[in-house]
Amino acid sequence: MDRYNFKTTETKWQKYWEKNNTFKSKLDKKKKKFYCLEMFPYPSGKIHMGHVRNYTIGDVLARYKLMQNYNVLHPMGWDSFGMPAENAAKQNNLDPKDWTNQNISIMKKQLKKLGLSIDWDREISTCSSDYYKHQQLFFLELYEKGLVYRKENYVNWDPIDETVLANEQVIDGKGWRSGAIVERKKLNQWFFNISKFSEELLDGLDNLNEWPKKVTTMQKNWIGKSFGCEIDFKVEGNKAIDKIKCFTTRPDTLFGFSFLALSIDHPISKFYEKDDNFIKFKEECSKTGTTEESIAQAEKIGFKTELIAVNPLDEKNKVPVYFANFVLMDYGFGAVFGCPAHDQRDLDFAKKYKLKITPVVKPINFDGDFKIKDKAYTDKGVIFNSSFLNGLKVPDESIIKTIEILEQKKLGKKKINFRLKDWGVSRQRYWGCPIPIAYDENNNIVKIPKENLPINLPEKIKLNTKGNPLDHQNEWKNIKINGKKCIRETDTLDTFVDSSWYFLRFCSPKNKDYGYDIDEINYWMPVDQYIGGVEHAILHLLYSRFFMHAINYKNENFNYKEPFKGLFTQGMVCHETYKDEKNNWLSPDEVLSKDGKNYFKKNDNNERVKVGPSESMSKSKKNTIDPENIIENYGADAVRLFILSDSPPEKDVQWSEQGMVASYKFLQKFWILHKKIKNFSSKNTSDQKINSFEINRFTNEIIKKITQNLERFHYNVIVANLYETYNFLIKFLNKPSDKNNLIKNYINILKIMSPIIPHFASECLDDLGEKSEKSWPKINEEYLIKETVNIVLQINGRKKSIIISKKNVDKDTLTNEIKTNNQYNKYLENKKIKRIIYVKDRLINLIIE
RNA sequence: GGGCGAGUGGCGGAAUUGGUAGACGCGUUGGUCUUAGGAACCAAUAUGGCAACAUGUGAAGGUUCGAGUCCUUUCUCGCCUACCA
């Protein structure tokens with residue numbers, strides 16, 4: 001019997017789909033749409049297993065929805081601006097554009113080999129000026145709406161590379177490439193006013209009930225809304241300062257005030273900038289490492305000024321003012337009032353500087369002297385030691401009441417504060433979208449006229465310059481706008497901007513005049529199912545949500561506000577890690593094991609290999625498996641089957657060669673089964689009818705199961721369902737039955753297999769003369785009705801036996817059966833039945849003495 | 001420190017509303033076939049026991065006729081986050 005040849009089959013169907021435009025999508029208002037989108041890849045060179053998993057998950061869904069007769073939009077594109085291209089180009093003296101486009105063509109070829117149901121006519125690439133010219137227009141529109149502004153901001157500055165570093169490029173306070181100690185430098189930067197929509201972005205989360213809760217809570221915390229009030233503290237001292245504004249969520253603890261702390265970047269610091277001791281203190285603050293742990297454990301240190309702050313509720317309460325390392329400038333007003341008794345940080349600080357610790361909240365019903373030792377008291381309770389606030393219940397009553405009092409006395413104001421900061425979008429890089437702005441000779445901002453868009457990146461330029469290569473492009477930089485000499489903005493946009501609206505572009509990727517066509521997006525949007533990694537839980541998803549608000553602002557053209565109706569975050573693909581005796585990482589194909597326990601180097605059988613824990617595949621640990629080789633060896637369907645089989649899609653999956661082989665073998669076995677079914681001949685015996693009913697029932701049951709599992713993303717269970725199906729069919733073939741009925745059922749089975757293993761299923765269907773797998777089989781409930789049921793027999797809640805019974809038997813009949821049938825009455829042992837619990841057709845529980 | 005999630009055989013993992021725990025796969029063991037197999041096929045495979053049976057979903061308690069599932073306490077692991085006033 002011939003073997004299943006995945007190579008010819010998969011190529012055949014990929015060509016067929018392409019030729020027949022099977023996955024081309026068109027606006028059709030009569031049809032219900034389904035927009036299925038996976039996070040588009042960065043074209044880094046080759047696809048990796050993470051891509052395989054991500055796009056397989058999406059493809060299963062897209063194909064399923066297509067068969068359910070949805071008008072499916074399933075596009076693909078490239079997030080093609082960004083640093084890797086610039087770095088690779090620098091290292092190998094290439095052009096970023098060439099490097100990127102070459103990668104795109106390689107990866108596109110690889111993706112096509114996976115047999116994805118993608119409408120490639122909609123392909124976009126963010127580094128193409130066809131894409132980014134619209135982005136430049138958006139930028140200008142947002143600028144006109146007041147949602148974009150320019151301000152001075154601190155950046156991580158690498159003094160050797162003369163470049164700005166992202167936070168993740170700063171390792172232990174040093175630049176990741178140069179190793180230079182990173183400086184904080186003030187630069188003029190462009191910002192998107194995302195914080196304007198803090199409230200909307202927070203409220204919107206409540207409606208996103210098809211998002212993982214984890215992601216919505218992460219966004220909630222990121223936006224960080226807190227309710228409190230701002231308070232002005234009078235200041236006495238020898239400086240021209242009369243008050244300091246603080247934000248607090250605990251105004252009710254004001255009587256426990258014992259110091260006031262300022263951020264070292266607080267405006268007041270300018271009075272101290274020539275003070276040697278203050279300069280020293282600042283240096284000490286910057287010394288604390290940037291690793292997470294060191295920040296968390298960093299000691300709280302302060303610099304005492306001679307200023308005195310006055311408690312607005314108690315003029316006699318005068319406390320010292322410090323600069324302190326734990327106060328952040330960009331939250332609240334960069335100043336906090338310290339109440340050590342009820343805030344751990346304040347307590348640590350107060351103890352170090354021997355400041356007063358006055359408790360003002362004590363537990364309800366606490367008698368005696370309430371004292372604070374090593375732990376600040378932050379639970380609920382009641383106010384004391386606080387004059388006219390005494391007796392207020394904490395926190396429900398105390399905070400609101402205190403704010404009311406402060407407002408009455410005009411000492412403070414109710415305030416809602418957000419943690420969310422505006423989005424800095426300037427990057428001092430070449431390989432990004434140019435910002436459509438210039439500056440005149442007086443450094444005034446000049447918009448580039450819209451008719452002059454796009455501003456293309458200059459090509460084939462020198463990249464091995466210090467700082468931003470665009471700064472050195474004099475010809476490109478110097479322009480005239482309305483006859484006036486101007487210099488272009490040489491910063492480019494953060495690549496997160498590119499990915500904040502690409503899902504809109506996919507709806508009308510060829511629209512020349514604007515980033516989108518309003519009719520198209522009002523039909524296709526929102527994305528019904530968005531699929532990608534959790535690593536984008538905050539920034540990318542939040543920025544995209546912001547972008548929808550921003551372009552709709554003062555415009556209101558959209559029928560919806562949220563870009564992604566459903567979100568699914570898939571887990572990572574993991575593999576064991578290997579190291580040789582010298583602690584060098586080894587890749588899986590440099591390693592050999594005969595027994596699965598002891599591992600040796602492949603070319604040196606004496607060298608033992610240390611096996612490390614399974615971790616997400618990464619080049620640095622060399623524990624990657626190249627999808628291209630795997631597809632070459634086992635075929636796309638087998639890879640798809642395996643990548644879905646071993647774990648639920650939202651969890652991490654272990655790559656296993658054995659698992660991969662099992663998936664491959666499954667297809668081979670199924671192919672033999674297929675041929676057997678095709679060549680089956682009916683046997684007309686008395687059992688035929690019973691057997692036909694059996695397969696009808698099985699098929700309908702499995703359709704139901706798989707449909708449910710598709711809806712719930714239990715894709716690993718679907719693979720198990722396919723194995724069950726195989727196991728059923730292979731046994732079924734030994735029984736006499738009617739061929740027509742068998743084939744009828746089998747065709748439906750092939751159809752439900754097709755989202756997972758589309759080439760294989762199409763080939764089998766084709767082999768049976770069934771040209772299309774287009775419609776999703778309907779469940780025929782008639783076959784799901786069972787004549788007999790298995791009823792669990794429990795005695796005192798413990799399972800004893802199973803009773804095969806007719807349906808709908810009543811309690812008494814069944815009890816009688818148990819009492820009289822020798823098979824069951826042994827459990828009763830003549831004991832009295834006290835109670836009977838009967839769940840019809842499922843279970844009977846007899847409670848005996 | 002805070003937040004979220006998860007603990008089920010040798011392993012990956014199944015198990016709508018509480019109602020047959022361990023589907024399915026891997027691995028292992030035994031067998032068949034074969035010159036041979038790391039191929040294919042058949043069978044077994046939670047634990048203890050010859051068996052009847054008993055025990056069993058990280059631990060302890062609770063609710064219930066009945067708990068992997070609900071509640072309380074606790075332990076362990078993973079992920080995210082970082083002094084947010």
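Here is the naming used below: chain letters follow the sequence lines, and residue numbers restart at 1 for every chain. Reckoned from all heavy atoms, side chains included, excluding hydrogens, waters and symmetry mates.
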Selection from [options] that lies nearest to any side-chain heavy atom of [X]:
X         : options                : value
Asn221(A) : U16(B), C65(B), G3(B)  : G3(B)
Asn845(A) : U17(B), C65(B), G12(B) : C65(B)
Thr248(A) : C83(B), A85(B), G19(B) : A85(B)
Arg798(A) : C41(B), C84(B), U55(B) : U55(B)
Arg419(A) : A14(B), A39(B), C84(B) : C84(B)

Euclidean distance, atom [atom1] of residue [X] to atom [atom2] of [N] [Å, nearest integer]:
X         : N      : atom1 : atom2 : value
Ile538(A) : G3(B)  : CD1   : C1'   : 11 Å
Glu657(A) : G12(B) : CD    : P     : 19 Å
Asp652(A) : C80(B) : CG    : C1'   : 13 Å
Arg842(A) : U20(B) : CZ    : P     : 7 Å
Leu843(A) : A67(B) : CG    : C1'   : 13 Å
Tyr664(A) : G38(B) : OH    : C1'   : 15 Å
Phe257(A) : A85(B) : CZ    : C1'   : 13 Å
Trp222(A) : C4(B)  : CH2   : P     : 18 Å

Across the strands shown, which category fits [X] at heavy-atom distances under 4.0 angstrom: base, sugar-phosphate, nothing?
X         : result
Ser645(A) : nothing
Lys665(A) : sugar-phosphate
Gln344(A) : nothing
Leu328(A) : base
Ser647(A) : sugar-phosphate

Does [X] make a side-chain N or O approach to OP1 or OP2 of [N] shorter than 4.0 Å?
X         : N      : result
Lys799(A) : G66(B) : no
Arg835(A) : C65(B) : yes
His714(A) : U16(B) : no
Lys800(A) : A54(B) : yes

Spacing of the [atom1] atoms in [M] and [N] (rounded, Å):
N      : M      : atom1 : answer
G13(B) : G7(B)  : P     : 10 Å
A54(B) : G2(B)  : P     : 46 Å
A67(B) : C77(B) : C1'   : 24 Å
U63(B) : U72(B) : C1'   : 11 Å
G9(B)  : A46(B) : C1'   : 5 Å
U76(B) : U28(B) : C1'   : 29 Å
G3(B)  : U73(B) : P     : 14 Å

Between protein and nucleotides 22-29 of chain B, map the contacts as a letter string: B base, S sugar-phosphate only, - none, heavy atoms under 4.0 Å, written 5' to 3'. -BSSSS--
Specify the closest pair of heavy atoms between Val321(A) and Thr305(A), including all atoms of both residues, with the distance to one decimal.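 Closest approach of Val321(A) to Thr305(A): O-OG1, 2.7 Å.
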Identify, with sequence neighbours excluded, every residue that meets salt bridge (charged side-chain N to carboxylate O under 4.0 Å, His left out) alongside [X].
X         : answer
Lys735(A) : Glu694(A)
Glu199(A) : Lys225(A)
Glu817(A) : none

Determine whether the side chains of [X] and [Y] contain a donor N or O and an acceptor N or O closer than 3.5 Å.
X         : Y         : result
Tyr331(A) : Ser226(A) : yes
Ser398(A) : Asp252(A) : yes
Asn808(A) : Lys840(A) : yes
Asp646(A) : Asn716(A) : no
Glu724(A) : Asn727(A) : no

Only one of Phe281(A), Phe337(A), Phe349(A) clears ring-ring contact (aromatic ring centres under 6.0 Å, His included) with Tyr322(A); which? Phe349(A)
Classify the glycosidic conformation of G5(B) as syn or anti, calling it syn when the angle lies within 90° of 0.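 You should classify G5(B) as anti.
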In dot-bracket notation, what is the pairing pattern of RNA chain B, taking Watson-Crick (N1-N3 plus N6-O4 or O6-N4) and G-U wobble (N1-O2 and O6-N3) contacts under 3.5 Å, with [ ] crossing and | for other strands? (((((((..(((......[....)))((((((.......))))))(((....)))..(((((..]....))))))))))))....
Residue mapping more 5' on RNA chain B - nearest nucleotide basis, Ile847(A) or Thr217(A):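 Looking at the nearest nucleotide for each, Thr217(A) comes out on the 5' side.
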Which residue pairs pass the salt bridge (charged side-chain N to carboxylate O under 4.0 Å, His left out) test with at least one member in residues 647-664 of chain A, sequence neighbours excluded?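 Non-adjacent pairs meeting salt bridge (charged side-chain N to carboxylate O under 4.0 Å, His left out): zero.
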Within a reach of under 6.0 Å around NZ of Lys806(A), are more than 12 heavy atoms found that belong to other residues, nucleotides or ligands?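 It does not: Lys806(A) NZ has 12 such atoms or fewer within range.
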